[in-house]
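For clarity, every value in this text was computed on a predicted model and none was experimentally measured.
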Amino acid sequence: MTHHRPALRGTCIALAVVALGTFNLPAHAGEVEVLHWWTSGGEAKAAQALKASLQAKGHVWKDFAVAGGGGDAAMTVLKSRVVSGNAPAAAQIKGPSLQDWAKEGVLASIDDVAKAEKWDTLLPPVVSDIMKYKGSYIAVPVNVHRVNWLWANPEVFKKAGAKLPGNWDEFFVAAEAIKKAGLTAVAHGGQPWQDLTTFEAVALGVGGADFYKKALVQLDPASLKSPTMEKVLGTFKRIKAYTDKGASGRDWNLATAMVIKGEAGMQIMGDWAKGEFIAAGKAPGKDFVCVAAPGSAKAFTFNIDSFAMFKLKNEANVKAQKDLASAIMSPEFQETFSLNKGSIPVRMGVKMDKFDDCAKASSADFGATAKSGALLPSLAHGMAVPSAAEGAIKDVVSQFWNSDKMSAKDAMDKLASAAKTK
Amino acid sequence: MAIKAQPPSGPSAGPPQAGPRPLAGPAAVPRSRGAPSHWLPKAVVAPSFLLSFLFIYGLMAWNGYLSMSASRLLPNYEFVGLAQYEALFESERWWVALRNLGIFGGLFIGGGMALGLLLAIALDQKVRVEGLLRTIYLYPMALSFIVTGTAWKWILNPTHGVEQLVRQWGWADFSFGWLVDPDRAIYCIVIAGIWQSAGFVMALFLAGLRGIDDSIIKAAQIDGASLPQIYWRIIIPTLRPVFFSTLMVVSHLAIKSFDLVMALTAGGPGFATDMPATFMYTMAFSRGQIGLGAASATIMLATVAAIVVPYLYSELRVRK
């Protein structure tokens with residue numbers, strides 16, 4: 001192995017030179033290890049921006065990137081690291097899972113940063129509540145994705161002589177017209193989470209924000225078995241007739257591609273779909289249109305990425321961790337990141353002039369719904385209820401979507417018992 | 001998996017009876033206790049024994065303990081008795097998984113072995129390009145289940161697979177949507193599974209067939225037995241040990257089937273093709289229900305043990 005040594009020594013020297021040369025190491029230089037799965041395209045670019053801003057403060061950034069999107073693999077690695085007492089500084093965890101982690105006693109409070117920077121005034125309360133455990137901030141929000149969007153191809157609508165739907169009745173009129181024109185009306189990917197994404201959009205559009213909150217956030221048994229829920233399930237099931245036969249198991253981006261290519265008219269999906277349109281060289285407003293999912297123009301279901309902060313032993317690293325928290329909440333990073341990711345900043349009052357029209361609309365609605373109380377956590381994206389209950393509800397919704405034998409009444413009974421899953 | 005074909009007939013048709021003489025026979029020289037030959041073998045085996053003991057049996061025991069704990073996101077050791085098992089058997093999804101394992105296991109093992117045996121018998125009829133055919137049939141086994149699953153997902157997909165093809169040939173009403181039908185999707189997994197394993201089963205049976213003494217068959221022919229009779233009454237019964245080892249191999253493939261399901265349907269539509277292994281993965285790793293996942297893993301272990309232990313017992317007893 002001797003032949004490796006000169007190379008290794010060379011690297012060490014080079015690193016030392018870089019370390020001494022580029023930044024005059026401040027006394028409090030620490031190391032931040034960050035677990036994230038921003039490994040592709042625009043996301044990776046955004047992560048680089050964060051890295052640069054921390055290095056500018058003199059800290060050492062250590063990536064703990066685990067490939068394989070979605071994060072199941074990353075979570076498994078994280079669990080083993082935390083159990084063995086070697087937690088990273090921050091990890092990409094979101095929604096009620098934050099509470100689960102906090103209950104295990106492994107998350108650190110970053111209240112001093114939050115207080116100094118007045119986070120309570122920068123974030124809508126429904127968002128900051130998710131970031132807090134027993135009143136203390138334990139996580140930093142990064143960005144907001146709006147889930148209740150409908151993406152449409154105007155070319156297809158013109159061909160079919162249909163108009164963009166504002167409510168579910170209009171939706172079915174438009175869908176019928178597109179179907180008659182020989183195209184697929186609704187591009188759908190038959191994976192359980194996509195079934196649930198559609199379901200929650202219907203629940204919001206048919207039942208309204210209050211119903212959504214009662215039934216899908218608070219899991220109130222009476223609402224889950226109410227006539228409104230029956231209507232929601234009926235509407236949800238009606239959509240299936242307008243999807244194509246090959247939908248089962250399809251990935252969301254392939255469904256988006258159907259809309260892009262003009263094979264399908266519309267798709268109900270969060271604003272990450274926009275990235276697919278833009279990557280295909282399509283312009284918002286011209287080649288594709290974004291409107292709120294039918295009947296939900298005055299509501300907003302959010303999917304917020306956040307970083308949980310873990311308890312660390314080393315003082316310098318704690319300082320670095322706090323700088324990380326502050327950097328994530330800074331207007332510059334919020335802007336850069338969302339521009340790259342296709343989302344909108346979670347910090348209110350960030351300038352939106354560099355963003356496209358869809359993002360501007362999203363941001364305006366985010367502010368408006370935060371005041372009206374119609375800003376709601378997305379069930380399908382792990383924001384509303386703990387993962388066990390979410391999974392059980394997802395099973396029922398997906399089963400109802402796929403099965404021709406299950407009645408809405410059966411589905412409601414099953415939903416009510418799924419909601420009790422702990 | 002290279003099966004060296006022995007000539008179908010001839011003096012050396014039987015299985016090799018005498019292997020090479022064992023190298024380490026009873027030592028002629030009595031060894032002293034301090035000699036390396038006395039402790040060295042134990043020392044060499046000890047680490048791997050220790051590791052496998054720890055990482056197989058130790059983790060099994062840990063899993064058993066977790067299945068009786070209130071573990072959710074992270075392992076925790078609050079004892080809850082059999083509550084996780086109660087929750088498991090109240091879960092509809094678990095019953096679907098068990099039912100699927102029954103359907104898949106039965107058809108996959110039965111179908112795979114029947115098809116494999118038929119192929120082996122067909123190849124045993126002294127066909128001309130046997131070597132080539134054997135390779136073709138055996139080839140699917142060289143693929144991973146992920147490849148098999150993905151390929152069959154495309155083949156069976158109604159919008160760009162078989163259905164589309166037949167429609168393009170002119171049968172416009174042809175419909176084959178098993179993959180997207182919650183009641184039939186499980187049979188798609190059976191089809192893909194059999195496709196993959198039948199060649200392997202064939203190879204095992206073919207090796208067995210080649211091991212049968214030709215003179216028995218000739219004697220039967222002289223007695224006037226027809227070919228089907230010879231196979232049914234003589235050859236297949238002689239293949240009994242091959243049946244057992246094949247059954248062992250395929251049934252464990254069935255119980256641990258995970259990658260095939262993941263690639264072909266990912267448990268869908270809904271959870272219609274969930275299997276115990278995919279159930280366990282979902283609960284333990286995506287839904288933060290480690291206790292429930294551990295309970296399902298224990299049930300799977302018990303199922304495997306129920307098959308393996310009697311088999312090992314009978315095998316070991318025969319060897320005495």
Side-chain angles (χ1 to χ4, degrees), chain A residues 70-76 78-80 82-83 93 96-106 184 189-195 243-251 258 263 382 386-392 394-406 414 417-418 420-422, chain B residues 70-76 83-84 87 90-94 96-97 149-150 153-154 156-161 163-164 167 175-185 188 261-274 279 281-293:
Chain A
D72 278 357
M75 276 301 133
T76 310
L78 179 65
K79 278 178 203 168
S80 56
V82 171
V83 168
I93 300 173
S97 296
L98 285 168
Q99 306 298 320
D100 289 344
W101 283 96
K103 260 179 232 151
E104 304 283 349
V106 292
T184 306
Q191 293 171 340
W193 72 268
Q194 296 186 62
D195 297 340
T243 62
D244 66 318
K245 213 176 163 186
S248 183
R250 178 188 285 144
D251 286 323
M258 291 170 65
E263 291 165 9
S387 56
E390 182 204 326
K394 188 153 61 184
D395 282 350
V396 178
V397 167
S398 197
Q399 197 184 14
F400 178 69
W401 173 265
N402 284 299
S403 163
D404 295 330
K405 288 174 230 139
M406 197 167 165
K414 285 186 179 177
S417 69
K420 288 186 208 128
T421 310
K422 280 196 184 114
Chain B
S71 299
R72 296 173 45 75
L73 192 67
L74 296 176
N76 99 23
Q84 301 284 13
E90 273 166 19
S91 149
E92 190 193 346
R93 188 170 169 159
W94 173 248
V96 169
T150 311
K153 181 166 85 178
W154 292 335
L156 296 169
N157 185 305
T159 50
H160 46 78
E163 182 179 304
Q164 183 69 7
R167 283 186 182 185
S175 170
F176 185 70
W178 282 17
L179 191 64
V180 297
D181 178 347
D183 297 326
R184 302 253 170 82
C188 293
V261 182
M262 278 316 212
L264 189 56
T265 62
F271 53 87
T273 54
D274 215 15
F279 177 94
Y281 180 81
T282 310
M283 294 306 157
F285 298 110
S286 351
R287 290 199 184 163
Q289 290 179 286
I290 289 184
L292 193 66

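To the nearest 0.5 Å, atom OG1 of residue A:T184 and atom NZ of residue A:K245 are 13.0 Å apart.
Using a 4.5 Å cut-off between heavy atoms, B:S286 contacts chain A through both its backbone and its side chain. Heavy-atom distances place no part of B:N76 under 4.5 Å from chain A, backbone and side chain included. There is no contact between A:S417 and chain B, counting heavy-atom distances below 4.5 Å. Proximity to chain B is absent for every atom of A:A389, based on heavy atoms less than 4.5 angstrom apart. With a 4.5 Å cut-off on non-hydrogen atoms, A:K414 touches chain B through its side chain but not through its backbone. Of the atoms belonging to B:P158, it is side-chain heavy atoms, and not backbone ones, that fall under 4.5 Å from chain A. For chain A, the nearby part of B:A284 is the backbone; its heavy atoms alone come within less than 4.5 Å. Proximity to chain B (any heavy atom under 4.5 Å) is shown, for A:D100, by both the backbone and the side chain. Only the side chain of B:F271 comes within contact range of chain A, judged by heavy atoms closer than 4.5 Å.
A 4.5 Å side-chain heavy-atom check between B:T265 and B:C188 finds every atom pair outside the cut-off. With a 4.5 Å cut-off on side-chain heavy atoms, B:Q289 and A:T421 count as touching. In this structure, B:W178 and B:L156 have side chains that are not in contact, with every pair of non-hydrogen atoms separated by 4.5 Å or more. With contacts defined as side-chain heavy-atom distances shorter than 4.5 Å, the pair B:Q164/B:N157 does not qualify. Residues A:I93 and A:L78 are in side-chain contact: their nearest non-hydrogen atoms beyond the backbone lie under 4.5 Å apart. When side chains are defined from C-beta on, A:E390 does not count as touching A:P96, because their heavy atoms never get closer than 4.5 Å.
Annotation: maximal heavy-atom pairing with chain B below 4.5 Å, among A:G249, A:G190, A:P192, A:A388, occurs at A:A388. Contact count against chain B (heavy-atom pairs under 4.5 Å) is highest for A:D395 among A:D395, A:D244, A:D195. Contact count versus chain A (heavy atoms, under 4.5 Å) is highest, among B:M283, B:E163, B:R93, for B:R93.
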Practice prompt. Please test A:M75 against B:L73 for side chain to side chain contact (heavy atoms under 4.5 Å, CB included), starting from the C-alpha separation and ending with a verdict.
Written response: CA-CA 10 Å; A:M75 276 301 133; B:L73 192 67; over 6 Å; no

